[in-house]
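Remember, it's a predicted structure, so these values are computed and weren't measured experimentally. Both counts, for ligands and for their atoms, begin at 1 and track the order of listing.
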Amino acid sequence: MNPPLAQPLLEVRDLKVHFKVGQGALRRAKGWVRAVDGVSFSLAAGETLGLVGESGSGKSTLGRAVLRLLATNAGQIRFEGEDITHLEGDRLREKRRRFQIVFQDPIGSLNPSLTVGEIVAEPLRIHHLAPDREQRRNRVEDLLKAVGLGAGDAARYPHEFSGGQRQRIGIARALAVEPRLIVCDEPVSALDVSIQAQIVNLLKSLQAQFGIAYLFIAHDLAVVEHISQRIMVMYLGKIVECAEARSLCRQPRHPYTKALISAVPRIGGESADRVVLSGDVPSPLELPAGCRFHPRCPFAEARCRVEEPPLREISPGHTAACWLVE
Ligand code: SF4
């Protein structure tokens, strides 16, 4: 666990999100999926915290849970100093103004029967931020300009735009309520590399303008390193390493982080410390005993198979969960 930040905007303590599966007659697998299993972290106002891990690591579930879009089983979520873990009704709706989400697939989250203007104006109407129609239209124009679209785009429909432009529409909609935190859930994964850079640069520029904090979820470490001040690495529901972005990418300590970095030539290069990841993420229904990474870890020892390593500080601001890390 990193030391608490001076003024955390978001504080998550020992959060757990477990799902029961296999209740339907046709489903064969039965049991509990511990998608998020005791995660703690803090995020400062205006900071970008990257969250990386393979598919099935639980990172998207964690992102949705901190925004109270999913039920949690245990733990605490504090936002702007207030415990929001169990907020309901109007108090939760009011809080939701302050945190938003941008999805990987904007087309799936943009109502195809509404114009772009109507889509961006919707949160303004719901939260009574611009009750007057003229005010709403002006605000929508400003938001579209802020994300690099034209005022004339308000009259068009989502299907008339490219993937990158649709992501800009999703960002404009998220910005409408002046959030302090945006969870970006794989926002550039579906885009071409050149468009990815444009969207990442747009997010950085909006952060500089409006002081928004991002929890930036992605599986591409190179993209995450570019935008984040700190990075957390997640594996099977647990944080296994967290550090300042450059330090984590240049001097990873956990074998799983080393493997993720070894797979990205732009970061990993030809380091002698390369770790090649083999096999798939084990089923979350049958979590390995001890260190959850041990079936895939080239350094696993007898202890790793029975005792789970705690996440502990190995240097100031750098934590890792591995028995072999000093
Ligand atoms: Fe590998 Fe053991 Fe460290 Fe787990 S605790 S990452 S199995 S060396």
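- The nearest heavy-atom contact from the protein to atom 4 (Fe) of ligand 1 is Cys291 SG, 2.4 Å.
- For ligand 1, the atoms closer than 4.0 angstrom to any heavy atom of Cys304 are 2 (Fe), 5 (S), 7 (S), 8 (S).
- Taking the ring axis of Phe161 as reference, the NZ or CZ atom of Arg156 stays within 45° of it and closer than 6.0 Å to the ring centre.
- Among the backbone and side-chain atoms of Cys297, no N/O/S atom is found under 2.8 Å from atom 2 (Fe) of ligand 1.
- Set against the non-hydrogen atoms of Trp323, the atoms of ligand 1 under 4.0 Å away are 3 (Fe), 5 (S).
- Contact atoms of ligand 1 toward His254: 6 (S) (distance under 4.0 Å to a heavy atom of the residue).
- Of the candidates His226, Gln207, Lys204, Thr48 forms a side chain to side chain donor-acceptor pair (under 3.5 Å) with just one, namely Gln207.
- Side-chain contact check for Leu129 versus Arg97: some heavy-atom pair is nearer than 4.5 Å.
- For ligand 1, the atoms lying closer than 4.0 Å to a non-hydrogen atom of Leu324 are 8 (S).
- For CZ of Arg246, the number of neighbouring non-hydrogen atoms (other residues, nucleotides, ligands) closer than 6.0 Å is 12 at most.
- Ring planes of Phe293 and His254: tilted class, angle from 30 to 60°.
- Between the side chains of Asp185 and Ser60, at least one donor N or O lies within less than 3.5 Å of an accepting N or O.
- In summary, an N, O or S atom of Cys322 is located under 2.8 Å from atom 3 (Fe) of ligand 1.
- Residue Pro255 has at least one heavy-atom neighbour below 4.0 Å for each of these atoms of ligand 1: 6 (S).
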